Amino acid sequence: MNTNNHESKEKVNFIQAIIDQDKEKNKYNGRIHLRFPPEPNGYLHIGHAKSICLNFGLAEKNNGLCNLRFDDTNPSKEDTEYINSIIRDVKWLGYDWGDRLFYASDYFDRMYEDAVSLIKQDKAYVCDLSPDEIREYRGTFIKTGENSPYRNRSIEENLKLFQQMREGKFEDGSRVLRAKIDMNSPNLNMRDPVLYRIVKKSHHRTGNKWHIYPMYDYAHPLEDYYENITHSVCTLEFEDHRPLYDWILSSLYSTELPQQIEFARLNLSRTIMSKRRLRVLVEDGYVNGWDDPRLPTISGLRRRGYTPEAIRKFCDRIGVAKTNSVVDIQFLEHCIREDLNKSAQRVMAVLNPLKLIIDNYPEDYTEDLECENNPEDPQAGTRKVSFSRILYIEREDFHEDPPKKYFRLAPGKEVRLKNAYIIKCHNFVKDEQTGEVKEIHCSYDPETKSGGPGASRKVKGTLHWVSAKHAVKAEIRLYDYLLLEERDNKGEEGKDNFTDCINNNSLEILKDCLVEPGLTNAFKEDKFQFMRKGYFCFDPDSKPDKLVFNRIVTLRDSWEKIIKSNQIGDK
RNA sequence: UGAGGGAUCGUCUAGUGGUAGGACACCAGACUCUGGAUCUGGGAGCGGUGGUUCGACCCCACCUCCCUCAGCCA
C-alpha cells in the first residue's frame with residue numbers, strides 16, 4: 001500500500017527491480033511469493049526485522065504472499081521455546097502469514113523421496129568417509145578435491161544404504177548422502193556437498209521418526225519449491241551457495257523454479273547482533289534475559305518501548321543493497337523519537353529531585369493546573385496536575401554559580417514552572433556535611449499563572465516539576481549502549497574477547513524518582529514523554545506500590561551539546 | 001592463493017551516458033511556556049590511473065581496498 005507521504009517516493013531497491021522485470025516477462029505467471037524462514041534456534045533481533053519487513057513488505061507491495069517457515073532441519077539446536085517467541089515477534093511487528101505457517105520438518109518425507117530420485121539419477125551417493133576424511137578429500141581454495149572412494153557405488157547399493165540410514169542402522173557420523181557434482185569445482189560448495197547426515201536425536205516436532213536429517217543446502221531450495229516460492233531472499237553469505245541451490249532444483253524439477261537473491265544483512269553500531277554473542281550476554285549474565293531492554297532483540301526492543309511502527313519505518317528507510325554497511329544506531333533512535341513525538345502523552349517526572357519551596361505561596365493550599373497532554377496532537381486533550389508550596393525540580397536545573405547561557409534556575413534568576421508560574425530564586429540551603437544543595441527558596445509571581453492574563457511575560461527557561469505532597473515515587477531505569485564507543489568495531493567484528501568491549505555502565509537505576517500521580521494508572525506497553533527528559537515506558541516489573549519505567553530514548557538535547565563543545569573549547 | 005561479491009557526503013541510500021538527489025548526523029538562524037517539536041538556510045561525496053565519448057558515478061582496461069566461503073550449522 002502506498003502512502004502519499006512526500007518522503008516515501010516509492011524507493012525501488014534492487015530486489016524490487018528484479019521483481020519488476022520478472023513481472024514484465026510474466027515469469028511465474030505474475031505470481032510473487034516470498035517467505036521468512038528462521039531457524040528456531042534463538043530469539044529474533046532487529047536484523048531479522050529487516051528481513052521480515054523486506055519479505056512481507058515486498059509481498060504486500062506486489063500483491064503477493066509471504067510465508068512464515070521454520071527451517072527446523074537440525075534437531076540438536078532447535079526448540080519449541082524459540083518457535084513461540086518468533087511467532088509472537090513477527091505478529092507484533094504487524095505481519096500476517098495467513099494460513100501459511102510451515103515447517104521444514106513437514107516436508108521430510110517428500111525430501112527423502114527427492115533424495116531417492118537423485119540417487120536413481122546417479123546424482124547422489126552414500127559416502128562412508130569420516131568428517132575429517134571428507135574435509136581432506138574436499139581440498140582447499142588452491143588445491144582441487146579428490147573423489148571419494150565410495151563415489152562409484154552402484155545405484156542399487158546406494159538405495160539400500162540410504163534406506164538403512166533412514167532406518168537408523170548406522171551410527172551418527174558414520175555415513176552421509178552426498179551430491180555427485182564436481183570435486184574440481186572452484187566453488188567448494190559444489191565439491192560433492194553433504195545432503196543428509198545421521199543425527200540420532202529427538203526432533204521437537206517429528207520426535208524419533210527420523211534418524212537422518214537434510215542439510216540446509218539440500219532442504220532450502222526444496223522447501224522454497226514445495227511452497228511455490230518465486231523469490232527466495234537471503235543474506236550475502238549464501239551467494240556461493242546459489243549454484244548448489246540451482247543444481248538441486250534443476251536436477252529434480254523443471255518449471256517455476258524459485259530464484260535465490262542475496263542482500264546485505266543489517267549491522268548496527270554500538271550493539272551486539274550475532275546470535276552466538278547475544279547468547280553469551282544472556283547466559284553469562286551480562287544482561288537480564290533475552291528481553292533485556294539493552295538488547296537489540298525484538299523482545300528487548302519491545303520491552304525498551306520501541307513501537308512496531310518505528311521499527312518498520314527504520315527498516316524501510318535504511319534501504320536494501322548488497323553493500324556491507326553499519327547503520328548508526330542514532331538512526332534507529334531518530335525513528336522512535338519521531339513516532340513517539342506524535343503519539344506519546346506528555347507528563348512531568350523528576351529523575352533527580354531537588355526540593356524547592358515557594359515562600360510566598362500559601363501553606364496547605366493546592367491548585368489543579370490545566371496541562372496539555374500533547375502539543376503535537378490537540379485531540380489528546382488536557383489533564384489536571386496539582387501544584388502546591390513545596391515542589392521538586394530536577395537537580396540539574398539549579399546552579400548556584402551558573403555557566404554562561406544557562407537558562408535555568410540560579411540565585412536571583414527567574415524561570416517559568418511549566419503550566420504554572422514564573423518563580424524567582426532568593427536563596428538556597430546546603431547540607432553542612434556534604435556541601436550539597438539541599439533546598440532552594442523562591443517566590444512566585446501570582447500574575448503569571450499559565451493561561452491567565454499576565455502569562456505573556458517571557459523568561460528564558462521553563463522547568464518541569466512535581467508537587468511534593470502529590471507526587472508518586474518511581475524507579476527509573478536508564479540505558480546506555482552495550483558497546484564502548486572506542487571499541488565499537490572490534491566489539492562486533494573482532495574474533496574473540498568481545499566482552500572486553502562491553503560497556504559496564506549500560507544500566508543505571510534511579511530509585512528515588514518522583515512522577516505525576518496520574519502515572520499510577522500506566523500499564524502494559526504504555527509510553528510517555530517525561531517532559532524535557534525523554535521518552536519512557538512502563539515496565540512489567542512494576543508493582544502496585546512501585547512503578548518502574550524504562551527510558552526508551554532521550555530527547556535531543558542542544559544544551560548538552562553546548563556544554564560538551566565548551567568543555568572541548570576550554571582545553 | 002581459488003571462487004563469489006562489493007566500493008557514491010561522517011553514516012545509510014538513490015542515480016545504468018546529459019546539472020550527483022534524499023534521510024540521519026552536523027552547523028547557523030527563526031519560532032517556542034519542553035534548550036523538545038516545527039520551519040528556513042548551510043557545509044559535506046562518486047577508491048585510483050588510463051581509455052572510449054561532444055559529454056562518464058555509469059561503458060572498457062589495469063590497479064587498490066573491503067566482505068564471504070575450506071561444518072556431517074543455518
Side-chain angles (χ1 to χ4, degrees), chain A residues 7 9 11-13 37-39 41 71 73-74 76-78 127 129-131 134-136 138-145 172-178 185-191 193-199 212-213 215-217 219-220 234-243 262 264 266 269 275 317-335 337-338 341-342 346 348 372 375-376 405-408 415-420 422 448 450-451 455-464 529-534 554-562:
Chain A
E7 188 201 299
K9 268 188 240 150
K11 203 150 65 172
V12 173
N13 63 50
E39 183 188 18
N41 70 343
D71 209 356
T73 57
N74 185 352
S76 54
K77 290 184 148 190
E78 297 150 7
C127 179
L129 255 22
S130 71
I134 286 184
R135 192 179 315 119
E136 280 169 36
R138 181 160 38 225
T140 66
F141 294 146
I142 48 173
K143 200 176 113 218
T144 57
D172 282 24
S174 61
R175 282 180 231 260
V176 291
L177 183 74
R178 300 177 70 175
S185 172
N187 181 346
L188 299 194
N189 294 117
M190 299 299 270
R191 321 244 263 226
V194 173
L195 267 23
Y196 270 91
R197 77 286 214 186
I198 299 170
V199 183
I212 54 173
Y213 291 90
M215 298 286 291
Y216 168 89
D217 281 325
H220 208 88
C234 66
T235 43
L236 249 27
E237 66 269 28
F238 292 105
E239 279 176 320
D240 294 340
H241 297 238
R242 196 184 335 127
E262 310 87 8
L266 171 66
S269 67
K275 261 186 193 173
R317 298 212 274 217
I318 54 174
V320 180
K322 300 192 75 155
T323 317
N324 287 306
S325 59
V326 182
V327 175
D328 192 332
I329 196 160
Q330 289 189 61
F331 194 63
L332 216 208
E333 293 175 352
H334 164 78
C335 292
R337 281 194 190 102
E338 184 182 61
N341 176 49
K342 288 179 302 186
R346 272 61 170 172
M348 294 194 282
E372 235 179 343
E376 301 293 315
K405 291 191 191 165
Y406 187 79
F407 299 159
R408 283 112 100 145
V415 296
R416 171 170 288 282
L417 293 177
K418 179 74 187 171
N419 297 312
I422 291 177
T448 59
S450 292
S456 57
R457 186 151 75 85
K458 304 290 181 204
V459 287
K460 278 281 197 181
T462 301
L463 308 186
H464 61 283
Q529 186 195 95
F530 289 0
M531 289 185 93
R532 304 208 304 134
K533 297 310 295 180
T554 61
L555 258 24
R556 286 183 68 225
D557 189 348
S558 50
W559 172 238
E560 182 86 354
K561 278 174 203 158
I562 291 170

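Hydrogens, waters and symmetry mates are skipped; everything else that's a heavy atom, side chains included, is used. Owing to the predicted nature of the structure, the values given are computational and were not obtained by experimental measurement. Throughout, a chain's letter reflects where its sequence line sits, starting with A, and its residues are numbered from 1.
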Kindly give the atom pairs (protein nitrogen or oxygen, nucleotide nitrogen or oxygen) under 3.5 Å for nucleotides 3-9 of chain B.
from	atom 1	to	atom 2	distance (Å)
B:G5	O2'	A:Glu239	OE1	3.3
B:G5	O2'	A:Glu239	OE2	3.0

Nucleotide N/O of nucleotides 72-74 of chain B paired with protein N/O under 3.5 Å:
from	atom 1	to	atom 2	distance (Å)
B:C72	OP2	A:Arg138	NH1	3.2
B:C72	N3	A:Gly173	O	3.3
B:C72	N4	A:Leu129	O	2.8
B:C72	N4	A:Pro131	N	3.3
B:C72	N4	A:Gly173	O	2.9
B:C73	OP2	A:Arg197	NE	3.1
B:C73	OP2	A:Arg197	NH2	3.2
B:C73	O3'	A:Asn74	ND2	3.4
B:C73	O3'	A:Arg197	NH2	3.1
B:C73	O2'	A:Asn74	ND2	3.1
B:C73	O2'	A:Lys77	NZ	3.3
B:A74	OP1	A:Thr73	OG1	2.8
B:A74	OP1	A:Arg197	NH1	3.3
B:A74	OP1	A:Arg197	NH2	2.7
B:A74	OP2	A:Tyr216	N	3.0
B:A74	O3'	A:Asp71	OD2	3.0

Exercise for the section: Using the P atoms only, state how far B:C67 lies from B:A74, rounded to an integer number of Å. Expected result: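 My reading of the P atoms in B:A74 and B:C67 gives 26 Å.
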Handout entry: Whole-Å P distance, B:G21 and B:G43
Key =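 To the nearest whole Å, 11 Å.
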Practice task
Measure from the side-chain heavy atoms of A:Asn341 and tell me the nearest of B:G2, B:G35, B:A37.
Solution key: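 For A:Asn341, the side-chain atoms sit closest to B:A37.
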Handout entry: Sugar-phosphate, base or nothing in reach of A:Ile422, heavy atoms under 4.0 Å
Key =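 No contact.
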Problem - Phosphate-side-chain proximity, A:Ser325 and B:U13, N/O vs OP1/OP2 below 4.0 Å - result: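 Checking A:Ser325 against B:U13: at least one side-chain N or O falls below 4.0 Å of OP1 or OP2.
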Exercise for the section: At under 4.0 Å between heavy atoms, which parts of nucleotides 39-46 of chain B does protein reach? Answer with one letter per nucleotide, 5' to 3': B base, S sugar-phosphate only, - none. Expected result: --------
Handout entry: Contacts of type ring-ring contact (aromatic ring centres under 6.0 Å, His included), residue A:Phe331, not counting sequence neighbours
Key =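 Residues passing ring-ring contact (aromatic ring centres under 6.0 Å, His included) with A:Phe331: A:Phe314.
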Under 3.5 Å, which N/O atoms of the protein pair with N/O atoms of nucleotides 24-26 of chain B?
from	atom 1	to	atom 2	distance (Å)
B:C26	OP1	A:Lys561	NZ	2.9

Problem - Residues, nucleotides or ligands: over 12 heavy atoms within 6.0 Å of A:Lys405 NZ - result: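 No, not enclosed.
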Problem - Secondary-structure stems for RNA chain B, with pairs counted as Watson-Crick or G-U when both distances are under 3.5 Å and runs at least 3 long - result: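 Stem segments, range with range: B:2-7 with B:64-69, B:10-13 with B:21-24, B:26-30 with B:38-42, B:47-51 with B:59-63.
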